[in-house]
*Asks:* 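Below are the structure tokens for one structure; questions will follow.
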Amino acid sequence: MQHTHPELHTSGDFIDPAPTAATQRDIGHVASHIPIDAPAPQDRHTVKPSPERIFNPETSLVSLELFSRRKVLFVALDDFPVSDTSGHTYQIPPEAKVFNDRNKRFEDIFAGTPTSLLVDQRQLERGTDIYKQVHDIARYFLVYDRRGQQVCQELSIEASDLDSLEPSQAIKLIGHLMHSLTRYETSAITLPEYTHSHHARADDMGTVSMLRNGLDAKTKGMIEPLGVCRNFANTAATVFASLKHFNPRLSNVYTHTAVGYGGSIYGNITKVTEPLSSHAWVDFFAVDQQGNLAITTVDPTWVKTDEGSLKGFDLTYLRLGTHLRNLAVQERVNYASSKARNLERLSKYYMTRIKGLTARLAKQYPSTDGRLHLKNVDDNDPMLQAAMYRSVDYIATATKFGGGAFDSRFVDQSVKQYVLHAAKSPDFMFSPVEYEAVMTVLRGMIESTPPNSDKHASLEKILVAVSSRNVNHRRSHLYRYLEKNEGAP
């Protein structure tokens with residue numbers, strides 16, 4: 001169903017597509033539950049580590065200068081830095097405590113709920129060497145399991161390489177283990193309203209039990225469903241800790257569980273008919289001698305394979321806004337001397353993807369004037385959904401991260417139109433930061449419109465409608481939690 005606003009008389013309900021060769025490689029057909037603007041599979045295939053992949057801004061999605069002039073690179077998994085061969089161990093810089101805070105937030109959200117992470121911790125406290133047990137499962141998988149033998153071929157490794165894997169290989173092995181040995185327990189999330197007290201069977205089990213559950217199954221369908229996203233995130237983190245325990249090449253790589261909400265999960269805006277949901281995943285950080293950080297995000301719950309290659313696992317591009325909004329609420333992160341430069345890089349990242357989506361939409365919905373007219377686009381088109389979310393996410397992230405340095409210079413007309421289109425639709429609901437972003441754009445458009453014009457009145461009606469639609473949303477337990485926790489994305 002098309003959503004139009006008959007009182008909005010404006011020639012701005014179109015977008016000039018500006019395709020570039022660079023945008024096309026970031027957009028490809030992926031698994032149905034992965035956003036349409038995911039990096040194209042053929043450009044994110046397995047690559048062997050190379051010395052050039054050591055904190056190289058040129059290969060990052062975004063390279064920022066944060067904290068006390070440290071480089072913070074958000075990188076695709078294939079571009080994750082190789083190991084440091086010096087033998088030294090470098091800790092995450094103290095001023096980057098935000099990443100430990102994210103881990104704490106994950107624990108706070110599930111406070112009072114037994115989790116598989118607590119089971120692992122208690123076993124370690126009792127002296128059970130779960131790291132060796134998990135390590136033994138990984139080795140058995142690679143040596144004796146047909147699925148593991150195929151993983152060796154895909155990653156170009158031997159089973160004997162388990163204790164000398166490069167970081168990206170170790171992380172990909174975790175993805176294959178999670179895909180091969182786990183299966184989501186849908187029945188554990190059927191409660192109609194989000195609550196912190198719902199309990200999954202896997203909350204009483206540790207990583208060893210989670211992995212053994214699928215070890216004897218010959219196919220994915222034969223694995224007994226066990227666990228939800230928080231259990232999968234905890235399991236992936238413990239598997240990495242086990243691999244790191246035996247592999248010195250992983251000594252400068254750290255992992256944290258993270259949690260996000262609303263559009264940051266799927267890359268589209270939440271429907272009114274859907275509850276505001278949360279999702280857990282895992283972040284990996286590499287640290288160099290200067291305290292620079294390279295960050296990648298993987299999703300052990302969504303991971304799939306296509307002809308042996310991982311799909312839906314590396315989601316750094318999708319969760320970037322969540323990262324940056326977490327950083328934005330920390331003191332002494334984005335120094336004034338670097339703000340404008342960082343915003344330019346951030347803007348380039350988002351606009352590259354938004355323009356790429358616009359180019360594809362314009363091709364699919366051609367017009368006589370060569371422009372993209374949103375009124376002619378099916379509101380259920382995944383590319384439009386992705387473009388609207390990317391635009392809202394861009395405003396939400398840039399306003400949080402850039403503060404006063406973010407102004408109209410960074411807001412393309414296409415971004416405004418995508419945000420306005422999302423606001424006009426009665427089908428969409430917004431998380432707290434998404435709501436703020438939409439209202440920011442609407443207020444800006446109202447201020448720049450003649451007060452007595454039909455367009456001004458129509459924009460005001462849209463603003464009131466968005467606020468009204470979010471009333472029921474704000475009554476939910478999760479929404480209230482997010483409002484109380486400044487910066488929660």
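A quick note: this is a predicted structure, and the numbers were derived from the prediction, not measured. These values consider heavy atoms only, across backbone and side chains, with no hydrogens, waters or symmetry-generated copies.
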*Asks:* Run the salt bridge (Lys or Arg N to Asp or Glu O under 4.0 Å) check on Asp78 and Lys172 step by step: do they pass?
*Replies:* CA-CA 9 Å; Asp78 281 336; Lys172 288 178 182 179; 2.4 Å; yes
*Asks:* Report the C-alpha distance between Phe74 and His323 in whole Å, list the side-chain angles of each, state the deciding distance to 0.1 Å, and finish with yes or no for ring-ring contact (aromatic ring centres under 6.0 Å, His included).
*Replies:* CA-CA 9 Å; Phe74 296 90; His323 275 297; 5.4 Å; yes
*Asks:* Strictly distance-based, threshold 3.5 Å: is any side-chain N or O of Tyr349 a donor or acceptor partner for the main-chain N or O of Tyr317?
*Replies:*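 Judged by distance alone, yes, a pair lies under 3.5 Å.
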*Asks:* Verify ring-ring contact (aromatic ring centres under 6.0 Å, His included) between Phe240 and Phe284, making sure each step is shown before the conclusion.
*Replies:* CA-CA 10 Å; Phe240 180 77; Phe284 288 93; 5.0 Å; yes
*Asks:* Give a yes or no answer on whether the side chain of Asn234 reaches the backbone of Arg230 with a donor-acceptor pair at less than 3.5 Å.
*Replies:*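 At least one qualifying donor-acceptor pair exists.
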*Asks:* A cation-pi test, strictly: NZ or CZ of Lys339 under 6.0 Å from the centre of the six-membered ring of Phe406 and no more than 45 degrees from its axis. Yes or no?
*Replies:*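 Ring-cation test returns no.
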*Asks:* I'd like to know whether the aromatic ring centres of Phe410 and Tyr394 sit less than 6.0 Å apart in this structure.
*Replies:*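 No - the distance between ring centres of Phe410 and Tyr394 does not fall below the 6.0 Å cut-off.
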*Asks:* Do Arg319 side-chain atoms and Asp283 backbone N/O form a donor-acceptor pair below 3.5 Å?
*Replies:*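 Absent.
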*Asks:* Would you say the side-chain atoms of Thr238 pair up with the backbone N or O of Thr235, donor to acceptor, closer than 3.5 Å?
*Replies:*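 Pair absent, no side-chain N/O of Thr238 close to backbone of Thr235.
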*Asks:* Should the pair Arg70-Glu65 be classified as a salt bridge under the 4.0 Å nitrogen-to-oxygen rule?
*Replies:*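 Glu65 and Arg70: not salt-bridged.
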*Asks:* Can you see which heavy atom on Pro300 is nearest to which on Trp281, and at what distance?
*Replies:*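 Here Pro300 and Trp281 meet closest at CD-CA, 4.4 Å.
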*Asks:* Is the gap between the ring centers of Phe285 and His256 under 6.0 Å?
*Replies:*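 That pair passes the under 6.0 Å test.
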*Asks:* For residues Ile265 and Leu318, report the shortest heavy-atom separation together with the two atoms involved.
*Replies:*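 For Ile265 and Leu318, the tightest heavy-atom pair comes out as O-CD2, 3.4 Å.
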*Asks:* With no hydrogens and no angle check, is any side-chain donor or acceptor of Asn252 less than 3.5 Å from a backbone partner on Ala286?
*Replies:*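 No, because the side chain of Asn252 does not come within donor-acceptor range (under 3.5 Å) of the backbone of Ala286.
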*Asks:* Could you walk me through whether Lys311 and Thr305 satisfy the side chain to side chain contact (heavy atoms under 4.5 Å, CB included) test, starting with their C-alpha distance in whole Å, then the side-chain angles of each, then the deciding distance to 0.1 Å, before giving a yes or no?
*Replies:* CA-CA 5 Å; Lys311 295 292 179 290; Thr305 61; over 6 Å; no
*Asks:* Salt bridge or not for Asp393 and Arg325, using N-O below 4.0 Å?
*Replies:*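 Result for this pair is yes, salt bridge flagged.
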*Asks:* Give a yes or no on whether the backbone of Ser309 and the side-chain of Asp306 come within a donor-acceptor separation of less than 3.5 Å.
*Replies:*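 Looks like no, no N/O pair under 3.5 Å.
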*Asks:* Short question: side chain of Ser347, backbone of Leu343 - any donor-acceptor pair under 3.5 Å?
*Replies:*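 The answer is no, because no donor-acceptor pair under 3.5 Å joins these two groups.
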*Asks:* Which atom pair, heavy atoms only, marks the closest approach of Ala237 to Thr257?
*Replies:*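 Shortest heavy-atom contact: CB-CG2, 4.4 Å.
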*Asks:* Is there a donor-acceptor contact under 3.5 Å from the side chain of Arg345 to the main chain of Ser63?
*Replies:*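 Looks like yes, one N/O pair under 3.5 Å.
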*Asks:* Does Ser453 reach the main-chain N or O of Pro450 with its side chain, forming a donor-acceptor pair under 3.5 Å?
*Replies:*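 Between the backbone of Pro450 and the side chain of Ser453 there is a qualifying donor-acceptor contact (under 3.5 Å).
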*Asks:* Heavy-atom distance under 4.5 Å between the side chains of Leu320 and Val62, does that happen here?
*Replies:*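 Touching, per the 4.5 Å side-chain cut-off.
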*Asks:* Do Ile174 and Met178 come within less than 4.5 Å of each other through their side chains, counting heavy atoms only?
*Replies:*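 They are in contact (side-chain heavy atoms under 4.5 Å apart), so the answer is yes.
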*Asks:* Do Leu73 and Ile295 touch side chain to side chain, with heavy atoms closer than 4.5 Å?
*Replies:*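 Heavy-atom side-chain distance check fails, nothing below 4.5 Å.
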*Asks:* State yes or no: are the ring centers of Tyr266 and Trp302 separated by less than 6.0 Å?
*Replies:*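 Aromatic pair counts; centres sit under 6.0 Å.
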*Asks:* Any side-chain heavy-atom pair from Arg353 and Leu61 closer than 4.5 angstrom?
*Replies:*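 They are in contact (side-chain heavy atoms under 4.5 Å apart), so the answer is yes.
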*Asks:* Going by distance alone, is a donor N or O of one side chain under 3.5 Å from an acceptor N or O of the other, for Tyr365 and Asp378?
*Replies:*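 Not at all, the side chains of Tyr365 and Asp378 share no donor-acceptor pair under 3.5 Å.
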*Asks:* Report yes or no: does Ser391 contribute a side-chain atom to a donor-acceptor pair with the main-chain N or O of Val419 at less than 3.5 Å?
*Replies:*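 Not a single qualifying donor-acceptor pair exists.
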